[in-house]
Amino acid sequence: MKKVAFIFPGQGSQSIGMGKDFFENSDIAKDMISKASKRLGVNFEELLFTENDNLGKTEFTQPAILLVSSIANAIFKDRYNIEPEFVLGHSLGEFSALVSAGGLDYLDAIELVHRRGLFMVDACSGGGAGMMALVGLDDKVVEDICVVQRKEGKQVWPANYNMDGQLVLAGLKADLESLVDTFKAAGAKRAIVLDMSVASHCELLTAAVENLKPYLEEYLKDEFSPVISNVTAESYTTKDDAIELLSSQLTSPVKYKQSILANTNVDAFIEFGNGAVLKGLNRKICKAIPTLNVSDFASLEKTIEALND
């Protein structure tokens with residue numbers, strides 16, 4: 001039996017129509033979407049499958065992505081019996097990973113990340129928050145520039161370590177915009193301020209931490225299978241650790257690249273959810289280990305076939 005890890009994408013992987021193939025062809029998906037709609041008071045069929053503005057709003061994006069990832073994982077588990085060595089998610093995806101590991105019920109997780117999204121929006125409300133994608137710079141160069149700029153009063157932090165030469169920053173949008181030429185002068189191939197009003201994984205979300213903690217206390221299970229933390233790139237298996245790490249995750253950078261490189265004791269990664277964002281990153285991070293994906297029934301069959309080879 002091959003050794004595998006389950007991985008789950010975060011915000012930015014969403015698109016209208018995601019999960020529709022599962023919904024149209026699986027009673028598991030229909031049931032999960034129906035129950036999620038009742039739990040949150042949101043029509044997930046409309047949110048996922050029809051043109052709308054809500055899917056792009058953080059408080060709806062997060063539960064929608066988690067729901068589709070959890071459906072993909074549930075259908076896979078129903079079809080193929082294999083236990084992962086560990087589970088791992090990118091940012092929001094860590095909550096999907098906890099569902100898979102038995103640390104959260106998926107309905108509790110849907111409410112939890114909905115509230116997480118609201119708390120993030122509230123923490124950044126009126127503050128001019130934003131994010132920037134950088135391509136072509138070493139992490140140390142970016143980190144050093146951020147340190148210097150913070151000493152000068154600007155609010156900018158590394159937020160997502162995606163792969164070598166690709167790093168996302170968070171902070172005040174005006175401060176990020178003012179540094180475009182600085183990063184390009186340092187050798188960045190691209191420095192793009194993103195169309196976002198939330199600054200994820202930085203100190204601007206400090207106010208969201210205490211708001212989230214009571215819901216983590218309420219919904220997390222006491223013990224579960226190993227989950228890799230975005231904060232430490234190491235595994236955890238208990239509620240107490242989860243509360244501390246998921247709280248810290250709001251204001252700490254996502255160490256996705258480091259998490260993959262520190263956990264290569266598997267034969268394959270399997271990504272669950274819309275698209276194949278993490279599969280694309282993994283090709284650049286760790287070419288030696290293949291990444292399979294499950295986003296619809298066609299990719300599910302290909303993944304099962306690859307596991308049986």
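Note that the structure is a prediction, hence the values are computed from the model and not measured.
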Given 3.5 Å as the limit, does a donor-acceptor pair link the side chain of Ser37 with the main chain of Phe44, or not? yes

Dump the intermediate steps for side-chain hydrogen bond (donor to acceptor under 3.5 Å, both in side chains) on Lys255 and Thr232, then the final yes or no. CA-CA 7 Å; Lys255 296 179 179 177; Thr232 65; over 6 Å; no

Flag for His90-Asn160: side-chain donor and acceptor within less than 3.5 Å: no

Could Arg39 and Glu111 be called an ion pair, given the rule that one side-chain N must be under 4.0 Å from one carboxylate O? yes

Any donor-acceptor pair under 3.5 Å from Ser69 side chain to Leu66 backbone: no

Within 6.0 Å of CD in Glu51, more than 12 heavy atoms from elsewhere: no

Side chains of Lys151 and Val147 in contact at under 4.5 Å (non-hydrogen atoms): yes

Regarding Asp105 and Lys221, does a basic nitrogen lie under 4.0 Å from an acidic carboxylate oxygen? no

Where the side chain of Thr303 meets the backbone of Leu292, is there a donor-acceptor pair that is under 3.5 Å apart? no

Counting only heavy atoms from other residues, nucleotides and ligands, does the tally under 6.0 Å from CD of Glu301 exceed 12? yes

Kindly assign one of parallel, tilted or perpendicular to the pair Phe297 and Phe22, based on the angle between their ring planes and the thresholds 30° and 60°. perpendicular

Under the 3.5 angstrom rule, does the side chain of Lys173 hit a backbone N or O of Met196 as a donor-acceptor pair? yes

Step by step, work out the salt bridge (charged side-chain N to carboxylate O under 4.0 Å, His left out) result for Lys284 and Asp164. CA-CA 8 Å; Lys284 304 289 180 64; Asp164 285 345; over 6 Å; no

Is any side-chain heavy atom of Tyr256 closer than 4.5 Å to one of Asn282? yes

Quick one: is the NZ or CZ of Lys30 closer than 6.0 Å to the six-membered ring centre of Phe23, and within 45° of its axis? yes

Any heavy-atom pair between the side chains of Asp296 and Leu300 that's under 4.5 Å? no

Any heavy-atom pair between the side chains of Asn274 and Ser15 that's under 4.5 Å? yes

Could you walk me through whether Leu88 and Asn230 pass the side chain to side chain contact (heavy atoms under 4.5 Å, CB included) check? CA-CA 8 Å; Leu88 164 67; Asn230 283 179; 4.3 Å; yes

Residue pair Thr50, Ile16: steps toward the side chain to side chain contact (heavy atoms under 4.5 Å, CB included) verdict: CA-CA 7 Å; Thr50 64; Ile16 297 293; 5.9 Å; no

Taking the side chain as C-beta and beyond, is there a heavy-atom pair between Cys146 and Pro158 under 4.5 Å? yes

Whether Asn81 side chain and Lys77 backbone form a donor-acceptor pair below 3.5 Å: no

Can you find a heavy atom in the side chain of Glu234 that is under 4.5 Å from one in the side chain of Ile228? no

Cluster overlap Val266 with Phe272, hydrophobic side-chain contacts below 4.5 Å: no

NZ/NE/NH1/NH2 to OD/OE distance under 4.0 Å, Lys57 and Asp53: no

Under 4.5 Å between side-chain heavy atoms, counting indirect links through other Ile/Leu/Val/Met/Phe/Trp/Tyr residues: same cluster for Leu92 and Leu48 or not? yes

Donor-acceptor contact below 3.5 Å, side chain Asn52 vs main chain Leu55: yes

Side-chain ion pair, Lys213 and Glu210, N-O less than 4.0 Å: yes

So, taking the atom named CG in Asn263 and the one named CD1 in Ile7, what distance separates them when rounded to the nearest 0.5 Å? 11.5 Å

Side-chain (Glu271) to main-chain (Leu278) donor-acceptor, under 3.5 angstrom: yes

Just by distance, no angles: are the side chains of Ser100 and Asn73 close enough, under 3.5 Å, to form a donor-acceptor pair? yes

So, Asp222 side chain and Lys239 main chain: donor-acceptor pair closer than 3.5 Å or not? no

Looking at side-chain heavy atoms only, is the closest gap between Val227 and Phe95 below 4.5 Å? no

Test your reading of the model: is there a side-chain donor-acceptor pair from Asp138 to the backbone of Val141, 3.5 Å cut-off? no

I want to know whether Phe6 and Phe86 have ring centres closer than 6.0 Å. no

Please check if the number of heavy atoms outside Lys35 that lie under 6.0 Å from its NZ is greater than 12. no

Polar side chain donor-acceptor pair, Asn308 to Tyr80, under 3.5 angstrom: yes

Do the side-chain N and O atoms of Asp175 and Gln155 include a donor-acceptor pair separated by under 3.5 angstrom? no

Classify the side-chain pair Gln62/Arg115 by whether it contains a donor and acceptor separated by less than 3.5 Å. no

Donor-acceptor pair, side chain of His114 and main chain of Glu59, under 3.5 angstrom: yes

